[in-house]
Amino acid sequence: MKILLIPALLLSQSALAQTRIEAPVNGWRNSAGQQEQYTQRVNYPAASVNMQDGQSASAQIRGRIAGAAKGKPGLLIVNGVPMPIELDEKGRYERPYAFGRNSNSVEVRSPDGQSRARGQFIESYAGKTQARLRVVLSWDSPGTDIDLHVIAPDGQHAWYGQRVMNNGGALDVDVTTGYGPEIFSSPAPAKGMYHVYVNYFGSGETKELVTIAQVTIIANENTSNERQQMFRVPLRAAGELTLVKSFMYP
């Protein structure tokens, strides 16, 4: 009689987190007539990214990382842009997202990076509002409040106190509990000089010596003229306001 010995390494591999994407679904789709909301309610003193009631499946990212390490975010990558995604106690994640026309890709990774799921779909609705300018802020520490500020050429200022511009540009949510992401998106950005700032508003009880903020600026997303720029900025003290980038659009 032979006894099969299973190495501890194999056992650990079999116990790895399992990542699943429930939305968006792969393939072709047409989101005409769907209820899609962008900005969302913020609840103080603590707020994180949450899903609005009645949000269409065409404007959300949702799933689960079973067996994920507790207290750590997963990694979400949308059209090549990485950002953390918060997990609840059961490993579930969800957030609203304004996808544009044409091809979109979504990847989710477990906190340890060992498990991942990928998806890709084509949005064929010709009347879909397209984000011509998107700015994504995320950061690497929990319990930390970092704010995104975008100033348009005409002086309009999108921030947590005034999240919507007159031209339709908007900041989706003010995340005060750490990680982000906070996303500014504009379907019809004015031509001229933009300024992107981050404000280290507060560190709560974590008191990290340095928090790394990551800002990604995407122009003309999902077109042949798409441009992406990514910046990583160390923030050391609450109250610190940092100019990340000034740039011309288009």
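Minimum interatomic distance between Asn26 and Gly119 (heavy atoms only, all atoms of both residues): OD1-CA, 3.0 Å. In terms of heavy atoms, Trp28 sits closest to Ser124 at CE3-CB, 4.3 Å. Of all heavy-atom pairs spanning Ala213 and Leu235, the tightest one is CB-CD1, 4.0 Å. The heavy-atom pair separating Val136 from Pro181 by the smallest distance is CG1-CB, 4.2 Å. Contact detail for Gln34 and Ser56: the closest heavy-atom pair is OE1-OG, 2.9 Å. Shown here for Ile21 and Ala117, the closest heavy-atom pair between the two residues is CD1-O, 3.5 Å.
Side-chain atoms of Asp140 come within 3.5 Å of backbone atoms of Ile212 as a donor-acceptor pair (strictly under, hydrogens ignored). Checking side-chain atoms of Asn222 against main-chain N and O of Asn102 turns up no donor-acceptor pair under 3.5 Å. With hydrogens and angles disregarded, a donor-acceptor distance shorter than 3.5 Å links the side chain of Asp172 to the backbone of Ile183. Without hydrogens or angle criteria, Gln60 side chain to Gln55 main chain gives a donor-acceptor distance under 3.5 Å. With hydrogens and angles disregarded, no donor-acceptor distance shorter than 3.5 Å links the side chain of Arg132 to the backbone of Pro189.
Applying the side-chain hydrogen bond (donor to acceptor under 3.5 Å, both in side chains) test to Gln120 and every residue at least two apart in sequence or in another chain returns Ser103. Scanning for side-chain hydrogen bond (donor to acceptor under 3.5 Å, both in side chains) contacts around Arg116 gives an empty result, with sequence neighbours left out. Under the side-chain hydrogen bond (donor to acceptor under 3.5 Å, both in side chains) criterion, Ser110 pairs with Asp112, not counting sequence neighbours. Residues forming a side-chain hydrogen bond (donor to acceptor under 3.5 Å, both in side chains) with Arg29 (at least two apart in sequence, or on another chain): Glu123. Arg64 is linked by a salt bridge (Lys or Arg N to Asp or Glu O under 4.0 Å) to nothing, counting only residues two or more places apart in sequence or in another chain. For Glu221, the salt bridge (Lys or Arg N to Asp or Glu O under 4.0 Å) partners at least two apart in sequence or on another chain are Arg134. Scored by the salt bridge (Lys or Arg N to Asp or Glu O under 4.0 Å) test, Arg118 finds Glu107 as partners (sequence neighbours excluded).
To the nearest 0.5 angstrom, Arg101 atom CZ is 4.5 Å from Gln130 atom CD. Atom-to-atom distance recorded for Glu22:CD and Tyr93:OH is 7.0 Å, nearest 0.5 angstrom.
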Show the numbers, then the answer: is there a side chain to side chain contact (heavy atoms under 4.5 Å, CB included) between Tyr197 and His157?
CA-CA 11 Å; Tyr197 290 84; His157 180 189; over 6 Å; no
Please walk me through it: do Val175 and Ile146 pass side chain to side chain contact (heavy atoms under 4.5 Å, CB included)?
CA-CA 8 Å; Val175 180; Ile146 298 177; over 6 Å; no
Does the pair Val215 and Val233 meet the rule for a side chain to side chain contact (heavy atoms under 4.5 Å, CB included), with working shown?
CA-CA 8 Å; Val215 174; Val233 180; 5.7 Å; no
Test side chain to side chain contact (heavy atoms under 4.5 Å, CB included) on Arg109 and Thr19; report intermediate values, then the result.
CA-CA 7 Å; Arg109 299 179 185 176; Thr19 303; over 6 Å; no
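Grouped by direct or indirect side-chain proximity (heavy atoms under 4.5 Å, Ile/Leu/Val/Met/Phe/Trp/Tyr only), Tyr179 sits alone.
Each salt bridge (Lys or Arg N to Asp or Glu O under 4.0 Å) pair with one or both residues in residues 223-233, not counting sequence neighbours, would appear here, but there are none. The ring pair (Phe, Tyr, Trp, His ring centres under 6.0 Å) contacts involving residues 98-148 comprise Tyr97-Phe99, Phe99-Phe121, where partners must be two or more places apart or lie in separate chains.
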In residues 239-250, what donor-acceptor pairs under 3.5 Å come from side-chain atoms, sequence neighbours left out?
from	atom 1	to	atom 2	distance (Å)
Ser246	OG	His195	ND1	2.7
Tyr249	OH	Asn220	OD1	3.0

Output a table of donor-acceptor pairs, distance under 3.5 Å, between side-chain atoms of residues 74-90 and any protein atom two or more places apart or on a different chain; print 'none' if there are none.
from	atom 1	to	atom 2	distance (Å)
Asn79	OD1	Ser105	N	2.7
Asn79	ND2	Asn104	OD1	3.1
Asp88	OD1	Lys90	N	2.8
Asp88	OD1	Gly91	N	3.0
Asp88	OD1	Arg92	N	2.8

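Between Trp159 and His149, the ring planes lie parallel to each other; the angle is under 30°, not in the 30° to 60° tilted range.
Side-chain contact between Pro96 and Val49 is present, with at least one heavy-atom pair separated by less than 4.5 Å. Here the side chains of Thr176 and Asp147 are not in contact, with every heavy-atom distance at 4.5 Å or above. Using a 4.5 Å heavy-atom threshold, the side chains of Leu133 and Tyr194 count as touching.
Screening Ile151, Leu137, Leu148 for a side-chain contact (heavy atoms from CB on, under 4.5 Å) involving Val196 leaves a single residue, Leu148.
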